[in-house]
Amino acid sequence: MGGTEGERAEAWLTPADAEGALPLSVEAGWNQTLDDWRFMLSDGEGIGLRDGTGRWIATAIALPLAPDLAWLCMVLVAKDQRRRGIGTRLLGKCIDHVRARGAAAGLDATELGRPVYIPLGFRDLYTISRWRLPEAALRPDGEIGTVRAARLSDMEAIAAFDEARSSMRRRVVLHHLFRSAPQQALMVESGGRLLGYALGRPGRTAVQVGPVVADDEEVALALVARARPGTAMLIDVPDRHRRLARWLENQGAVRERGFTRMVLGPVPPGLDDPSRLFALAGPELG
Ligand SMILES: CC(C)(COP(=O)(O)OP(=O)(O)OC[C@H]1O[C@@H](n2cnc3c(N)ncnc32)[C@H](O)[C@@H]1OP(=O)(O)O)[C@@H](O)C(=O)NCCC(=O)NCCS
């Protein structure tokens, strides 16, 4: 580390640090809002490093997504501080914390993050593409059939549906999304049975659509077609869902970058199977 080592201080982060941490995700070009940071720092355990002036220069958060799974996210090091072992050190602390709970650590690695995670023992599960749909490319959808707006009173059924298909117990995350953008909450039912849902949230540069969880691709396509946030849209789709990717491309979506879902420790059953997970909540939220 550099000559200011003595003045640097690691500390656990609180929701009050959200404002100080936001410039790190902005510098990286990420989409999170202040509200996202506040949520992650209240539901998760975050660690950060300050420089001698009090500026946060690195963060990492472990978000509980199930008793056997914590999600590592917001692994960020200021550009001028990279390649000095800071990211690895903060991650190590988060991993110790997760291991002490007896849980596995999961994450969605960026192309910059993956080389840091491999030496720590993380294994690849599957790849994901981020699609960006510019506002101008949005066009009215066709016949959508049974898609309807989801209400707060639907959220318990949605959380139970999600848990059986995502290997995550992320009721708290799903409620955060519903509160952030109730107008993005959609569901498909048939004969009183839930077949799929979609949530979303506002972002710094675009509305993020996801998660989209459904029992088949037709339902997922109907949900995404109906999502139309009326502004630029981001959606993170596991690469095995080729038909959804083709549909997005036909709508004018551009593949912005890729992620790799990775895990350290015993893989929670089903986490390696995205067959019913058509879009992530986001790489930071599982
Ligand atoms: C990813 C990130 C957090 C890494 O932080 P860092 O403090 O620079 O990482 P470290 O110094 O601990 O790197 C540890 C090792 O990972 C590997 N590594 C890190 N960055 C790398 C890169 N850009 N290319 C290749 N290898 C890399 C190297 O083996 C490195 O060891 P070395 O410097 O001794 O060769 C930082 O680049 C960053 O903030 N990127 C933007 C945000 C992001 O993508 N975060 C990851 C989210 S999944």
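Side-chain atoms are counted along with the backbone in the values below, which use heavy atoms only and exclude waters and symmetry mates. Just so you know, ligand 1 is whichever comes first in the structure, and atom 1 is the first atom listed for that ligand.
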Would you check if there is a donor-acceptor pair between the side chains of [Y] and [X] at a distance under 3.5 Å?
X      : Y      : value
Arg204 : Ser25  : no
Asp51  : Thr53  : yes
Asp239 : Thr127 : yes

Point to revise | Residues which pass side-chain contact (heavy atoms from CB on, under 4.5 Å) with Ala58, listed by chain and number, not counting sequence neighbours | key: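 Expected list: Leu49, Val77, Ile86, Leu90.
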Exercise. Sort out the contact shell of ligand 1: every protein residue with a heavy-atom distance below 4.0 Å, listed by chain and number.
Key: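 For ligand 1, the residues that come within the 4.0 Å heavy-atom cutoff are Trp30, Val75, Leu76, Val77, Arg82, Arg83, Arg84, Gly85, Ile86, Gly87, Thr88, Asp108, Ala109, Thr110, Leu112, Gly113, Pro115, Val116, Tyr117.
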Main-chain N/O of Leu277 paired with His241 side-chain donor or acceptor, under 3.5 Å:
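Flag set: sc His241 to bb Leu277 pair under 3.5 Å.
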Taking the cut-offs as 6.0 angstrom to the six-membered ring centre and 45 degrees off its axis, would you call Arg50 and Trp56 a cation-pi pair?
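The answer is yes; both the distance and angle limits are met.
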